[in-house]
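A quick note: this is a predicted structure, and the numbers were derived from the prediction, not measured. Below, read A as the first sequence line, B as the second, and so on, with proteins coming before strands; counting in each chain starts at 1.
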Amino acid sequence: MTVVVRFAPSPTGYLHVGGLRTALYNYLFARKHHGRFILRIEDTDQSRYVEGAVENLMKSLRAMGLDWDAGPDKNDEKGPYFQSQRLSIYQKQITRLLETGKAYRCFCPHERLEALRKKQLTAGQAPGYDGVCRNLDPSEAEKRAHTESHVIRMRIPDEGSITFHDEIRGDVTVDFHRIDDQVLIKSDGFPTYHFANVVDDHLMGITHVIRGEEWLPSLPKHLLLYDSFGWEPPRFAHLPLLLNPDKSKLSKRQGDVAVEEYLAKGYLPQALNNFLALLGWNPGTDQEIFSMEELIDLFSLDRVNKAGAVFNVEKLNWMNQHYIQAMDETAYLKEAKKWISPHRLNERADIALLTVKNSLVRFDELPEKLKPFVSEPTELTEGEGAELMKNETTPHVLQSLRETLIQHPLEKPEDFFALMKTVQKETGVKGKNLWMSVRLALTGEIHGPELGIIAYYLGKEEIIRRVESALRKM
RNA sequence: GUCCCGUUCGUCUAGUGGUCAGGACUCAGGACUUUCAUUCCUGCAACAGGGGUUCGACUCCCCUACGGGAUACCA
């Protein structure tokens, strides 16, 4: 049997990191089993239509390297892959359920149900449909359907229970009387999630439904639907949720949740994938860094955790830094140059970029990290730097450096060390006093990359200019 | 309220009856270094509670507590 899985987001505007994790697990599972990975857009809620959301979703998915075998832009005989374009299919299928009495038309006005709900809630009862239209005469209902606004509900058995198997959670049992007569077709003719989902999963030949845990409680309804149709249900795996630091379901309010935002901050797709893969799954070894190939090779549903996982940015940061460090020079330089404006650096840009490579956590930090190279030192009036500049040896050091510089070459970073050696000999100043004076004169900062590299980057003339400027301020 | 799911260091996790409960992130200390960072070393830190079962429970069962999810003509 060929594995067929799907990622079925509703287009709400952007790709949520939780959604990405679900997509990733589906993708890994599909690739591992040489199966198919399908992208299906669940746009059955007309009121939630967001312009450009689907394009945006696909863009993020592509940026993350998750390619699908069929989807909105890759139609085939099982499509279309927009649920909003499959209305006739749902119409046809619901008829079967109506005919067998597994579903019925409900003409209850919204207001009545609303009031009913309220009453039930205040009475401390479980809210649910009271079944007024449950036993309407089908032919009578059929007639009314032409003129009256209505929905179609599924008929849940009055008694009994259902036990189902989840690949991650094991066997779960739910009583039928707990389940409401779920709406299948809304009054606007669109299907609800439950109906469209089951119909599409079956028609598209989905073999494994891998989705978030929030769907676990409604699985009985879905199973009942498969049963009503006489279809064999796929296997199900409900993934633990991604959590905020306070353990609630990961939400926008408590930090970034959009994949595009992480990308915009300079997190690498590989790092984000690696990080997300480990949030709820691990291969049982101490390994933490995985290529996509390794993840595909090692992934299995039975090693997915049951408990929710807090999305810990600290760990993601560490991982991203690791991935940046691991990039080869060419790849790094290519990426880094996307994050700086081209005119900020001189012709020795590469050495500056390479120098800050190991300290980068995210690429959006690049301009800040490059400051020691590009910024004009500002006058030091207070703080540790100002104190050091007041040091009486400082002017001597700078004078000496200026003269030495004129007489010696500076064609590579190492030349600067030789140069400083000379300054040390001539002034008798060494260690921190020597180096800090120069660092402050050149960058205006007490911290920064190795001075030899900064000096080489700046070049003789610029160094002399800055040294003289510093001397004038003293 | 009701139903469902869950619970190992602060966080991500390993662990499937006998372990000094392991690793990673964070944090602290140290080494290296002209500074910061990187790197390396060391350290702090956990089985929610109570009952069983067993010679023996983090591991199995039950209860409680806590957390989360679901209870929509949203997905």
Side-chain angles (χ1 to χ4, degrees), chain A residues 8-12 42-45 47-48 106 108 110 113-114 117 120-129 149-153 166 168-170 172-175 177-180 182-194 196-197 212-220 238 240-241 243 245-249 275 278-289 305-319 321 325 355-361 369 372 384 388 417 420 430-440 443 445-452:
Chain A
S10 81
T12 52
E42 310 228 327
D43 54 349
T44 54
D45 187 356
S47 65
R48 287 224 266 171
C106 169
C108 294
H110 221 278
L113 296 176
E114 204 81 333
R117 243 184 96 75
Q120 288 166 326
L121 243 20
T122 49
Q125 295 170 319
Y129 183 58
S149 172
H150 67 285
V151 300
I152 300 176
R153 291 180 182 272
D166 182 87
I168 293 168
R169 272 144 235 284
V172 180
T173 302
V174 177
D175 287 338
H177 71 80
R178 262 283 314 140
I179 307 171
D180 206 11
Q182 190 66 45
V183 170
L184 262 20
I185 301 288
K186 306 180 225 177
S187 53
D188 64 2
F190 276 68
T192 58
Y193 169 85
H194 306 285
N197 197 264
E213 192 189 1
E214 68 266 32
W215 295 112
L216 190 60
S218 43
L219 183 53
H238 288 87
L241 261 22
L243 273 24
D246 71 357
K247 305 262 186 185
S248 56
K249 188 170 161 184
F275 173 69
L278 255 21
L279 239 39
W281 171 88
N282 75 83
T285 64
D286 282 347
Q287 187 179 348
E288 299 221 67
I289 302 297
N305 289 122
K306 292 180 172 72
V310 172
F311 188 95
N312 181 210
V313 185
E314 294 287 343
K315 183 105 184 211
L316 171 61
N317 284 341
W318 167 79
M319 199 167 273
Q321 180 168 23
Q325 288 179 2
T355 301
V356 299
K357 181 172 176 247
N358 277 357
S359 70
L360 271 190
V361 171
K369 296 279 184 193
E384 201 183 338
L388 285 161
F417 289 90
M420 287 293 279
K430 57 180 179 177
K432 200 171 174 181
N433 284 340
L434 170 71
W435 289 90
M436 263 309 162
S437 319
V438 178
R439 176 176 293 282
L440 286 162
T443 70
E445 305 278 341
I446 55 173
H447 302 310
E450 210 171 90
L451 254 190

>> Closest approach to the side chain of A/Val172, judged atom by atom: which nucleotide of B/A24, B/C4, B/U13 is it?
In response: B/C4

>> For A/Leu241 and A/Thr173, find the nucleotide of RNA chain B closest to each by heavy atoms; which residue's nucleotide sits nearer the 5' end?
In response: A/Thr173

>> Quiz question: going by heavy-atom distance under 3.5 Å, is there a donor-acceptor pair between the base of B/C5 and the side chain of A/Arg169?
In response: no

> For A/Pro449, which contact category applies under a 4.0 Å heavy-atom criterion: base, sugar-phosphate, or nothing?
Replying inline: base

> So what's B/G43 paired with, Watson-Crick or G-U wobble, going by both distances under 3.5 Å?
Replying inline: B/C27

> Roughly how many Å is it from CG in A/Asp246 to C1' in B/U11, rounded to a whole number?
Replying inline: 13 Å

> Distance-only, no hydrogens or angles: does the A/Lys306 side chain make a donor-acceptor pair with backbone N or O of A/Arg169 under 3.5 Å?
Replying inline: no

> Which nucleotide, B/A70, B/C73, B/A75, lies nearest any side-chain atom of A/His110?
Replying inline: B/C73

> With a non-hydrogen cut-off below 4.0 angstrom, is A/Gly128 in contact with a base, only sugar-phosphate, or nothing?
Replying inline: nothing

> Which part of the nucleic acid, if any, lies within contact of A/Ser47, taking any heavy atom under 4.0 Å across all strands shown: a base, the sugar-phosphate backbone alone, or nothing?
Replying inline: nothing

> On a plain distance test, is the side chain of A/Lys369 in donor-acceptor contact with the base of B/A37 below 3.5 Å?
Replying inline: no

> Where does the angle between the aromatic ring planes of A/Phe275 and A/Phe311 fall among parallel (under 30°), tilted (30 to 60°) and perpendicular (over 60°)?
Replying inline: perpendicular

>> Measuring only the C1' atom in each nucleotide, how far is B/G15 from B/C9? A whole number of Å is fine.
In response: 14 Å

> Got a salt bridge between A/Glu288 and A/Lys315, using NZ or NE/NH1/NH2 to carboxylate O under 4.0 Å?
Replying inline: yes

> Has the side chain of A/Ser187 got a donor or acceptor atom sitting under 3.5 Å from an opposite partner on the base of B/C73?
Replying inline: yes

>> When you measure from the side-chain N and O atoms of A/Ser218 to the phosphate of B/U71, is any distance below 4.0 Å, counting only OP1 and OP2?
In response: no

> Does the side chain of A/Asn282 get closer than 4.0 angstrom to OP1 or OP2 of B/A14 through an N or O atom?
Replying inline: yes

>> Quick check for you: among B/U35, B/A24, B/C73, whose closest atom lies nearest to any side-chain atom of A/Val183?
In response: B/C73

> Does A/Asn317 place a side-chain N or O at less than 4.0 Å from the phosphate oxygens OP1/OP2 of B/C25?
Replying inline: no

> Is A/Gln325 near enough to B/U39 that one of its side-chain N or O atoms lies under 4.0 angstrom from OP1 or OP2?
Replying inline: yes

> If you measure from the ring centre of A/Trp318 to the centre of the six-membered ring in the base of B/C25, is it under 5.5 Å, with the planes under 30° apart?
Replying inline: no

> Looking for any heavy atom pair under 4.0 Å, which part of the strands does A/Tyr129 touch: base, sugar-phosphate only, or nothing?
Replying inline: nothing

>> Using a 4.0 Å heavy-atom cut-off, does A/Leu451 contact any base of the nucleic acid, only the sugar-phosphate backbone, or nothing at all?
In response: base

> Reckon A/Lys247 has a side-chain N or O less than 4.0 Å from the OP1 or OP2 of B/U7?
Replying inline: no

> Taking side chain as C-beta onward, heavy atoms only, is A/Thr192 less than 4.5 Å from A/Thr44?
Replying inline: no

> Hey, which of these two, A/Glu288 or A/Leu360, hits RNA chain B nearer its 5' end, going by closest nucleotide?
Replying inline: A/Glu288

> To the side chain of A/Asn358, which of B/C3, B/U38, B/U35 is closest?
Replying inline: B/U38

